[in-house]
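As structure tokens, the structure follows; a few thoughts come after it.
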Amino acid sequence: MTATPAFVPAQLVGRQAVLDTLDGFVRRLEDGVSDIAVVTGPVGSGRSAVLDRVVDRARASGLAVGVARCSPRESQLPYGAITQLLGTLCRPSRIGALASGIGPTSRPTDTVARMCDTLLTLSAGRPVLLAVDDLHLADPHSLRRLVDLIHRARQGAVLGLVTSPVPVRQVLDAAGARPAAPSSVHTLRLDALTTAEARSVVEARVGHPVQRSVLTVAGVAGWSPAVLHAVADRITALGRPLDTDAVPQLIAAARTAWSTRALTTLHGLPKNVVALLRATAVGGHQLEPARLAALAGLDATAFADAVDALRACGLLADTDIPRLRHPWFADDVLAGMTGPERDRLHRRAASLQGQEGARVGTVAEMLGDVTSLVRSWTASDLAASSRPRHTADITTASLRHSLCEPVTEAERARRLIRLATAEAVTAPQAADGRLRQVMLRHLSRETWPDVLNAADLLLSRGDAETARWVIADVHQRALTKIPDEELRPLRALGRLAHKEKGGLPLVAPPPVHSDRTGHPAQSAVLAWTLATRGDERDRVLELARTALDEPATVPFMCRIAAARALLSADDIPAGLDRLDAVAADARGADALAAAAQALLSRAEEQIRLGHGEAALRELTAATRTLPPASWHCLLAPRLAAAEVLALLRCGRVDEARRASERARSRPEGHSVTTAFLLYARAELALIDRDAARALLLLEECGRMLRAKRWRNPMLIPWRSAAAVAHHHLGAATTADDLLVKEREVAERWGTPGAFTALRARTHEALARNGVEVPWAHAESVPSARSAHDTPAAMPDATAPAPDPLTPSERDVADLVLAGLTNREIARHLGLATRTVELRLTHTYRKLGVKGRTALVAHLRARQEDD
């Protein structure tokens, strides 16, 4: 065999293992061994680059190479891929000679068949590489002929190499091109790049090092080489050091690169796969798999195949329920449909969601991962809810019909928002799509107030992740269309969305703009930001009041943020009044999600004040305003936590346990709101005598809050509960340190009295439910009361000193005085021996005695004094 010419390819980062395997197949081909290899991988993973590398390697070795690159445009041309293979395998003159030998009366199919047969004859006796890129985009005629060609060519030495993001089996089945005999196929998958590999790709493209934070932008689309190249090219085009102003441009470049390739892939997917993708774009994770399959019109087998194909393409997330990998891709998917097609799909989705809501009686059943209503649904409730729903159905049908009328862009945007508010109850996912449509497709100077309203309504749904993506896109495109003064409320909403959702720091509009206080909306968000950090209380009060004094110019969600800032700063009457005003205004504007959020915030404050029954009433009003099936899964943990804590404050522990069991948050959808639910479950764990589990929950709660810089203990006093858990586990020093730390943060924030009262109420609630809290009695003295509680009478100096022991500790001490051992005390009180030991430790510390003998002496002396 002749010597192989030197071949020194450029580096393909992260693909060396696949390239080595394919090089092995080329060497086997040189030795006369045939193989079939399929290179697969998600959108933008570099399948074409790998195929090009193998083609160059084979040509450098002197092998015959036929290459076909399929595309959506050529997928409609019969035998387009076969023609490309012939054109690269033979010289044009040779193809002309072959064609001239076929009679003029022959059919085109006969011509191609004769040409393929002649080609096989000419290629016999020498190795041939047949490479087909994007096989799923090949026309059906070529697919059927390729299967036969590769199968017959294996009588010689042939390497069949194809790339496809979807399983080849499904591609061939859709074209009716199954091989007559089974063949062994080597499947090689290209996975996402690692962080180090991604950085290498970007730096090699731009020619200089980049900061690590830039890579978070590319992470939005799965760390694919195509996305990384787009980000690198945008960095190069900027021609200046990167700052926060450049972030939206990098995000837009990454998303455009990913979406372009995803939409190209979509053109070649089988019909059942496209149907499921469209159904997922409309139904999302609010429909269970069976109903999602019904929406797509698929049986169980077709549904499973479609899910596999979409996941292989990287279009679906790796979740139990099919869900788009990127929520914003829903708009791109639906944009490829006609208006009537979209409306039919939305109506079917709403119908399926309505059927699901009519057959169940709890939020857990309706939503699957959210808490139930404060009270169970009854038959009368369902009957009452059916009347407004019927009216809403008529309204939505009329609004959908009106969208078909020729109207101005501004009027269409207003109608879409009206339709979204009408669908907020029966089809919230569809309503979200309407709002995104207004923001992304109707951006103009005339429609700007509607775009801003849509952004506010979208964020009020609780899906801060999607809201911040859409707001970032709109902000970037509006920079050249909208005056800066009018852009500021949108920046405030973007900052608020970023704050409510955990995740990467560079995927929201530039925070530097949102922290400016040139607009009341920005003042509101800055007040809430500082309040969560526990910084500059006086400034927070000033900013929040300034924002709330101009409600007409401030979006609902910014007003809610300002009111929550007032509450955390101990201006409770003003905060509650402003939340009540927001709820009323939001109801008047049919912004039901915003009204529900305002009522939920009122309920949380009632819990902090220790008013369990009042909190339950607020929660009932919130869930009546927005039906439970319409609460977004990212907002639902707050609702669940509020219900659990309100029930605990009312002493209804069994109901709280059941509510906690029903609240199953999605791991992939965690946001900062999950911290509220973790805290509520920790209180339940303490009541259930499981201090170790409570501590784990509280530590995770604290970690999530610290990650978002939520340091203010007025929001969630997690350290107070953690101190109780540490005491039960025998770590008294750690518990004391936590209490001191929490107190220092409250003093620095400027609300030591209000916080002491909050901590006292928290510990008293735990003590009432049977939890040993060493400080419960000491914290109940008048000095620990808030200015909003009823002042206590001055203590009587002549009265006997209060007993420092809790009733449970006093029971143990009395039995020690009676001469019982710890084991006997445990058996007598029905406790674990470890619990008795912990109570004795607390007793020794409170009374200042060391050991059992000293305790007995102290108790006897006190008896004599009495």
Side-chain angles (χ1 to χ4, degrees), residues 282-288 291 346-347 349-397 399 418-435 457-463 556 583-584 586-603 616-643 646 659 662-664 673:
V282 171
H285 54 261
Q286 292 199 347
L287 289 177
E288 60 186 9
R291 292 180 181 273
H346 281 304
R347 285 196 295 271
S351 174
L352 289 169
Q353 289 171 345
Q355 294 172 12
E356 188 175 58
R359 68 174 178 82
V360 296
T362 66
V363 180
E365 291 170 318
M366 289 181 179
L367 209 52
D369 63 329
V370 191
T371 181
S372 71
L373 278 172
V374 175
R375 56 182 180 82
S376 301
W377 282 77
T378 63
S380 60
D381 293 324
L382 291 172
S385 66
S386 64
R387 290 189 293 273
R389 176 168 292 187
H390 177 67
T391 303
D393 288 341
I394 297 175
T395 302
T396 54
L399 287 170
R418 288 178 58 199
L419 179 56
T421 57
E423 291 176 329
V425 174
T426 57
Q429 190 80 2
D432 291 350
R434 310 284 186 191
L435 297 174
L457 294 175
L458 184 63
L459 181 57
S460 70
R461 279 270 293 127
D463 187 1
F556 289 126
R587 285 196 194 99
D590 290 329
L592 301 183
Q597 282 227 43
L599 293 168
L600 174 58
S601 297
R602 284 178 57 89
L616 289 177
R617 288 193 294 272
E618 298 286 0
L619 290 174
T620 301
T623 50
R624 283 177 176 169
T625 299
L626 186 69
S630 301
W631 286 73
H632 197 278
C633 66
L634 290 176
L635 180 60
R638 274 183 63 197
L639 177 65
E643 181 182 1
R662 290 191 297 263
R664 301 185 302 274
T673 60

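This chain uses plain numbering: 1 for the first residue, then up along the sequence.
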Could you tell me the separation between the CZ atom of Arg434 and the CZ atom of Arg418, rounded to the nearest 0.5 Å?
-> 13.5 Å

So, the side chain of Thr673 versus the backbone of Leu635: is there a donor-acceptor pair under 3.5 Å, distance only?
-> no

Heavy-atom closest contact (Ala646 atom, Leu616 atom, distance) | CB-CD2, 3.6 Å

Contact summary for Ala583 and Ala595, nearest pair of heavy atoms = O-CB, 3.8 Å

Return each pair, listed once, that meets salt bridge (Lys or Arg N to Asp or Glu O under 4.0 Å) where at least one residue sits in residues 627-640; pairs must be two or more places apart or across chains.
-> Glu604-Arg638

To the nearest 0.5 Å, tell me how far Asp590 CG sits from Thr421 OG1.
-> 5.0 Å

Write down the atom of Gln597, the atom of Ser460, and the distance for their closest heavy-atom approach.
-> NE2-O, 3.0 Å

Between atom CG of Leu626 and atom CG of Leu600, what is the distance when rounded to the nearest 0.5 Å?
-> 11.0 Å

Enter the distance from His632:NE2 to Asp463:CG here, rounded to the nearest 0.5 Å.
-> 3.5 Å

Distance, nearest 0.5 Å, that separates CZ of Phe556 from CG of Leu459 = 13.0 Å

What's the shortest heavy-atom distance between Ala596 and Thr625, and which atoms?
-> N-CG2, 4.2 Å

Looking only at heavy atoms, which two atoms of Ala594 and Ala586 are closest? And how far apart?
-> CB-CB, 4.0 Å

Between OG1 of Thr620 and CG of Leu599, what distance do you get to the nearest 0.5 Å?
-> 10.5 Å

